[in-house]
**Q** 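The following block contains the structure, expressed as structure tokens.
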Amino acid sequence: DIKAGIHTVTIAGGPLAFPCGKDDTILSGGLRAGIGLPHECLSGGCGKCYFDLAGGAVEDIWLEAKGLSPRARERGRRLACQSRPLGDCTIKLRPDPALAPPIRPARRPARLVSRRMLAPGMAEFAFAAEGAARFLPGQFALLQLPGVAGRRAYSMSNLANEDGRWEFVVRRVPGGAGTGRLFEMEEGAAVELDGPYGNAYLRTDTGRDIICIAGGSGLSPIISIARAAVADDELLEHRRITVFYGGRGPDDLCTTTFWQENRRLHTHAECHVAISDPTAAGAADWTGHRGFIHEIVQKVLASADMPNFDYYLCGPAPMVEALVELLETGASVPRGQIHYDSFF
Ligand code: FES
């Protein structure tokens with residue numbers, strides 16, 4: 001029976017209800033149904049997907065998820081990305097039509113077809129899946145890796161394509177179970193790929209210049225956005241693209257590969273690369289910028305009309321927080337022009 005294990009989740013106070021399969025969380029079930037449930041990371045970290053349970057019962061996948069305080073949990077609050085319905089249930093939250101997925105996420109089996117090293121501890125992984133790879137530049141997918149509990153979020157670095165090719169630039173996290181497994185996988189290894197997800201995708205219709213800012217492992221979605229922008233002749237006619245990319249030292253960065261391989265990127269995107277640690281290996285010979293990436297952004301854009309750009313950010317929490325502070329508080333950039341997904 002195809003309906004077995006499918007429960008109905010109703011949003012209290014409105015007409016909206018959606019089916020939720022046994023392998024789905026309330027959040028993924030809602031997004032698959034095209035409903036704009038509030039969310040950002042799908043990983044229990046950002047806290048944006050909270051709801052109150054008004055009826056029925058749910059199972060908590062990860063009780064320690066830091067997106068919810070113990071106090072809120074005691075009061076009966078839950079995270080939609082960490083809750084599976086145990087039967088039909090009713091939830092209290094306010095959907096936001098602006099967060100309805102532009103492409104409905106779906107699960108599919110995929111195989112690792114190649115891995116190439118880009119820098120020490122950083123590689124590009126390519127997976128092949130059946131059907132077209134449909135996603136927007138800047139979005140991410142959840143990978144279920146063999147032998148690893150739970151799913152891990154990785155952003156695509158390539159562009160949507162008919163060949164079913166999904167590429168990810170990933171930095172190995174010391175002691176990280178997900179990236180550790182990924183770097184050990186042999187070509188041909190099977191995974192489950194679920195996506196696309198994410199709200200920090202390229203907006204092509206604003207008419208504003210584009211500023212892309214990546215720190216360390218945040219390069220993947222930023223490269224996808226920059227590739228998409230330079231591939232769009234109409235966009236290039238009116239908009240400039242500037243990329244900032246920072247890491248601790250030269251070994252943390254993959255500085256040239258994509259610019260060497262993509263002539264349009266080389267021609268149309270201005271790129272500023274920075275290192276922040278003068279004691280890192282190779283730092284003495286570094287000829288690029290020095291300093292934290294938000295400092296470099298501030299310096300380079302000092303005389304520019306900062307509120308008039310669209311910003312795309314991806315990187316570690318301190319970097320994103322410093323940038324949001326700089327842009328929103330320091331430079332009065334409207335919040336709607338700063339795009340990032342909090343994976344922390
Ligand atoms: Fe659930 Fe971020 S989407 S905590």
Side-chain angles (χ1 to χ4, degrees), residues 7 9 11-12 16 18 20-21 23-54 58-86 89-107 135-136 138-144 149-156 173 176 178 193-201 217-218 220-221 312-321 324 335 338-344:
H7 305 303
V9 178
I11 299 177
L16 284 177
F18 56 88
C20 197
D23 292 329
D24 266 324
T25 62
I26 287 184
L27 179 59
S28 59
L31 295 177
R32 281 189 222 296
I35 296 173
L37 300 185
H39 70 284
E40 221 167 80
C41 68
L42 281 93
S43 311
C46 74
K48 299 268 163 66
C49 65
Y50 72 84
F51 69 95
D52 292 314
L53 192 61
V58 300
E59 161 192 34
D60 260 315
I61 301 172
W62 186 23
L63 278 169
E64 294 77 31
K66 63 182 169 72
L68 204 57
S69 70
R71 206 155 151 237
R73 200 177 286 282
E74 272 166 31
R75 290 205 310 264
R77 190 150 277 187
R78 302 279 199 294
L79 294 174
C81 72
Q82 302 299 322
S83 300
R84 275 197 213 107
L86 293 171
C89 60
T90 303
I91 61 173
K92 274 196 216 163
L93 55 67
R94 187 171 306 189
D96 178 354
L99 294 175
I103 298 168
R104 291 197 190 186
R107 282 202 197 89
F135 57 87
L136 297 175
Q139 288 196 294
F140 63 89
L142 301 175
L143 295 189
Q144 174 78 67
R151 301 186 168 111
R152 298 294 196 273
Y154 299 108
S155 299
M156 283 70 81
V173 179
L193 190 156
D194 182 9
Y197 292 103
N199 306 313
Y201 50 82
S217 56
S220 202
Y312 297 89
L313 326 175
C314 191
M319 181 203 98
V320 173
E321 283 158 8
V324 172
R335 179 66 189 83
I338 308 171
H339 305 283
Y340 62 94
D341 288 318
S342 306
F343 288 106
F344 28 80

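Just follow the structure's listing: the first ligand is 1, and inside any ligand the first atom is 1. Just the heavy atoms: all of them, side chains too, but no hydrogens, waters or symmetry mates, feed the values below.
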**Q** For the residue pair I91 and L53, establish whether any side-chain heavy-atom pair is separated by less than 4.5 Å.
**A**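 With C-beta onward as the side chain, the pair touches.
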**Q** State whether the side chain of Q139 and the backbone N or O of A200 hold a donor-acceptor pair below 3.5 Å, judged by distance alone.
**A**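 The answer is no, because no donor-acceptor pair under 3.5 Å joins these two groups.
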**Q** Please give me the minimum heavy-atom distance between A153 and F140, naming the atom from each residue.
**A**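 Smallest interatomic distance, heavy atoms only, reads CB-CD1, 3.8 Å.
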**Q** Are Y197 and D341 packed together at the side-chain level, in the sense that at least one heavy-atom pair is separated by less than 4.5 angstrom?
**A**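 Y197 does not reach D341 side chain to side chain.
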**Q** Looking at E74, is its backbone amide N or carbonyl O close enough to the side chain of R71 to form a donor-acceptor pair, meaning the two atoms are under 3.5 Å apart?
**A**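 Answer holds: no.
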**Q** Testing I26, L68, I61 one by one against L79 for a side-chain contact (heavy atoms from CB on, under 4.5 Å), which residue passes?
**A**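 Among the candidates, only L68 passes.
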**Q** Which protein N, O or S atoms does atom 1 (Fe) of ligand 1 have within a distance shorter than 2.8 Å?
**A**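 For atom 1 (Fe) of ligand 1, the protein N, O and S atoms that sit under 2.8 Å away are C49 SG, C81 SG.
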